[in-house]
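Small disclaimer: the values here were computed from a predicted structure and weren't measured. What you see below is based on every heavy atom in this structure, not just the backbone, and it leaves out hydrogens, waters and symmetry mates. Below, chain A is the first sequence line, B the second, and so on; all start at residue 1.
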Number of protein chains: 2
Amino acid sequence: MATIRDVARLAGVSVATVSRVINKTDFVNPETAAQVLKAIEQLQYEPNAVARGLAGKKMGIIALILPDILNPFFPALARGVEDEAQKKGLTVILGNSDDLGLKESTYIKDLKKKYVDGFIFASNTIREEDVESLRKEGIPIVLLDRGLNTASCPVIRSNNRAGAKLAVQHLIERGCQKIAHIYGPQEFITARERLLGYEEVVGELEGYSPSLMVSGKFDIESGRQGVEHLLTRHPQIDGIFAGNDLMAIGALKALRERGILVPEQVKVCGFDGISLTEITEPELTTVAQPIYEMGGLAARILLNEIEGGGRENTIIELDVALIPRKSTR
Amino acid sequence: MATIRDVARLAGVSVATVSRVINKTDFVNPETAAQVLKAIEQLQYEPNAVARGLAGKKMGIIALILPDILNPFFPALARGVEDEAQKKGLTVILGNSDDLGLKESTYIKDLKKKYVDGFIFASNTIREEDVESLRKEGIPIVLLDRGLNTASCPVIRSNNRAGAKLAVQHLIERGCQKIAHIYGPQEFITARERLLGYEEVVGELEGYSPSLMVSGKFDIESGRQGVEHLLTRHPQIDGIFAGNDLMAIGALKALRERGILVPEQVKVCGFDGISLTEITEPELTTVAQPIYEMGGLAARILLNEIEGGGRENTIIELDVALIPRKSTR
DNA sequence: ATCACAGATGTAACCGTTTACATTGCTTTC
DNA sequence: GAAAGCAATGTAAACGGTTACATCTGTGAT
């Protein structure tokens, strides 16, 4: 591989001039520039990213840390991030944190050493101190679905509350009168907000009881268990709003096992809009987040910060959309 | 951040000695080493990975290039790779190639500049020349599911042929007599092998006709279309072996739409063992590949090559396992 | 006493960029 | 006609490690 010095030699200029031509960082006589360009072409020269990284403390890499790529929510997010990064010539490092603060801290420590340009965290466990320390060192970071209103960095999330209300209202419109909710872990702000949205709408219904809410863990199995608990307490429920699609799928399974027809006897609505909802039987009504777009947006905001742009610390709340399908027909 | 020179100064030794202590690359007097360690501790020193990378041409990063993380096959693979890499202190760059040779070449070009330690390609489109050029430059590479018997590098795949035979035999055991096959794109060796396995078993059956094979594209929609074609030609089929799980899911959908009962009237078997097969209705019988383990294995082999180990160019064929579920009961 | 050699460490070049500062040659200004 | 200013480019010091080679000491062999 040719180096910048080879180019300089061939073009009969100094390395500084070559660097200037490459980066357009300073004025260079057009004729000289042409010479340099010719030499670059001739030698098939490509700047070495690591040397650049060392000099500039930026490797042209962004880190995407998410709980688990196996969770069907995250591939779309990752793809959104990657496509956007790719467009701008950056690459993406992927890390699975399993929602473990320790793993996240480890990633931060390791990746700082590698001069990654910035971080995107889809995480509920990230520590405020970690965020702070990154900020202090001038390393941009974007958070997804994170609580802190005291945001010291940009946060992107969906309008979970409004989405939950959409879901419940939809169930009501479809004739449900006794609507249960399987909520997710309350340390996740998404789960809390969805629960609040549910309560807000359903609280006014007659015959409503707090025991219509059962907890789940955002996975299939707990959705199934949630339904079992619910049915023993409230055999007469006719609508279930699950805190996410996975739990809704679990709910579907449990209902089927018990011979309860969906949507005839009980209607089910999920949340997230992952692609799995299209392959269940019946297909699942859900409140869709623009997952792919969220990833793209996160990347764009991060890149903007990397390029020295905004330091806005905005909280961006994206709209969600109800997708009616067979499970609530 | 402290540098190696800070450590050297504090410990009263030269940077070379510090480097030796850190890397255990040479003998150092235990007392001196202790001094150095103390200084490291005191300064909270951590070697800069980029500087290291520049000097050693290795950034401690491996690249995983796959067609599309949105395809439910790949998250498990990615997770397998990441977990293994993580264990050895490496990080993973993720790239989506969309099975486009051009994108792959671009990744190679970009990532070479970043001194990634090695590549894992889950790809059918990678060009032989690209493989060669990497090899020539001494950059290790591992291929998944790639054809070339002229392997100039390690290749990992499942025993697709044997798996297909398992599937068809299973259908026969369950009483199927007219077994169709929806095969995947024949440029994929996996698809070819599975087709061969199918033919091998089914060719001996009486009433077998080549028109029982229809092509698909390894996605849900083409599985559905495949079934539609099949049913017009052969209304009496009672078993379908799909070339992968996604097409099997499409098949399930199409059958349901037509009111054909699975498994009562037609039994369906997929291939891959992705987690989606557990949430369909009925749950899908499939030939499972050890996807997560394949990822882990690929990473391990790659790391071994990176550390200067084998240059074995083995083709490793992993066993698959039939998982009988409701769709063939 | 001398030589060879091994143990322990230091020196400085190198990896391939970026960039602050210096230099050079002209033009402009009073 | 000297001072000032600007355009264009060069020089060399970073960035933070690794490592080939040099150096110095002490030891056993001859």
Is there a side-chain contact between [X] and the phosphate of [N], meaning an N or O under 4.0 Å from OP1 or OP2?
X	N	value
A/Tyr115	D/dG17	no
A/Thr17	D/dG10	yes
B/Asn23	D/dT18	yes
A/Asn29	D/dA7	no
B/Arg52	D/dT18	yes
A/Lys57	D/dG16	yes

**OP:** Could you pick out which residue, B/Val15 or B/Ala55, lies toward the 5' side of DNA chain C when each is mapped onto its nearest nucleotide?
**Re:**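 Taking each residue's closest nucleotide, the earlier one in sequence belongs to B/Val15.
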Original post:
Of B/Ala51 and B/Thr32, whose closest DNA chain C nucleotide lies nearer the 5' terminus?
Top reply: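 Closer to the 5' end of DNA chain C: B/Thr32.
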Subject >> With sequence neighbours excluded, residues passing side-chain hydrogen bond (donor to acceptor under 3.5 Å, both in side chains) with B/Asn48 >> reply: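 Listed in chain order: A/Tyr115.
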From the set [options], return the single nucleotide nearest to any side-chain atom of [X].
X	options	value
B/Ser14	C/dT11, D/dG16, D/dG17	C/dT11
A/Arg20	D/dT18, D/dG16, C/dA20	C/dA20
A/Leu54	C/dA20, D/dG17, D/dC15	D/dC15
B/Val28	D/dG10, C/dT9, C/dT17	C/dT9

Is the closest basic N to carboxylate O distance between [X] and [Y] below 4.0 Å?
X	Y	answer
A/Glu41	A/Lys38	no
A/Arg135	A/Glu305	yes
B/Asp83	B/Lys87	no

**OP:** Determine yes or no for a side-chain-to-main-chain donor-acceptor pair under 3.5 angstrom, with B/Ser123 supplying the side chain and B/Thr125 the backbone.
**Re:**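 Pair found, side chain donor or acceptor close to backbone of B/Thr125.
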**OP:** Applying side chain to side chain contact (heavy atoms under 4.5 Å, CB included), run through A/Val13 and A/Gln35 and close with a yes or a no.
**Re:** CA-CA 9 Å; A/Val13 299; A/Gln35 297 265 301; 5.7 Å; no
**OP:** For the pair A/Ser105 and A/Asp130, evaluate side-chain hydrogen bond (donor to acceptor under 3.5 Å, both in side chains) and give the outcome as yes or no after the intermediate values.
**Re:** CA-CA 7 Å; A/Ser105 299; A/Asp130 278 335; 2.9 Å; yes
**OP:** Name every residue in residues 2-9 of chain B that has at least one heavy atom under 4.0 Å from any atom of DNA chain C, in order of residue number, or write none if there are no such residues.
**Re:**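 When residues 2-9 of chain B is checked for heavy atoms under 4.0 Å from DNA chain C, there are no hits whatsoever.
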**OP:** Step through the shown structure and confirm whether more than 12 heavy atoms of other residues, nucleotides or ligands are within 6.0 Å of CD on A/Glu137.
**Re:**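 It does: A/Glu137 CD has more than 12 such atoms within range.
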Original post:
Quick one: bend of the helix from C/dA1-D/dT30 to C/dC30-D/dG1 from 5 pairs per end, to 10°?
Top reply: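 That helix has its two terminal axes inclined by roughly 60°.
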**OP:** Pick base, sugar-phosphate or nothing for B/Glu31, based on heavy-atom distances below 4.0 Å to the nucleic acid.
**Re:**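 Since no nucleic acid heavy atom lies under 4.0 Å of B/Glu31, the category is nothing.
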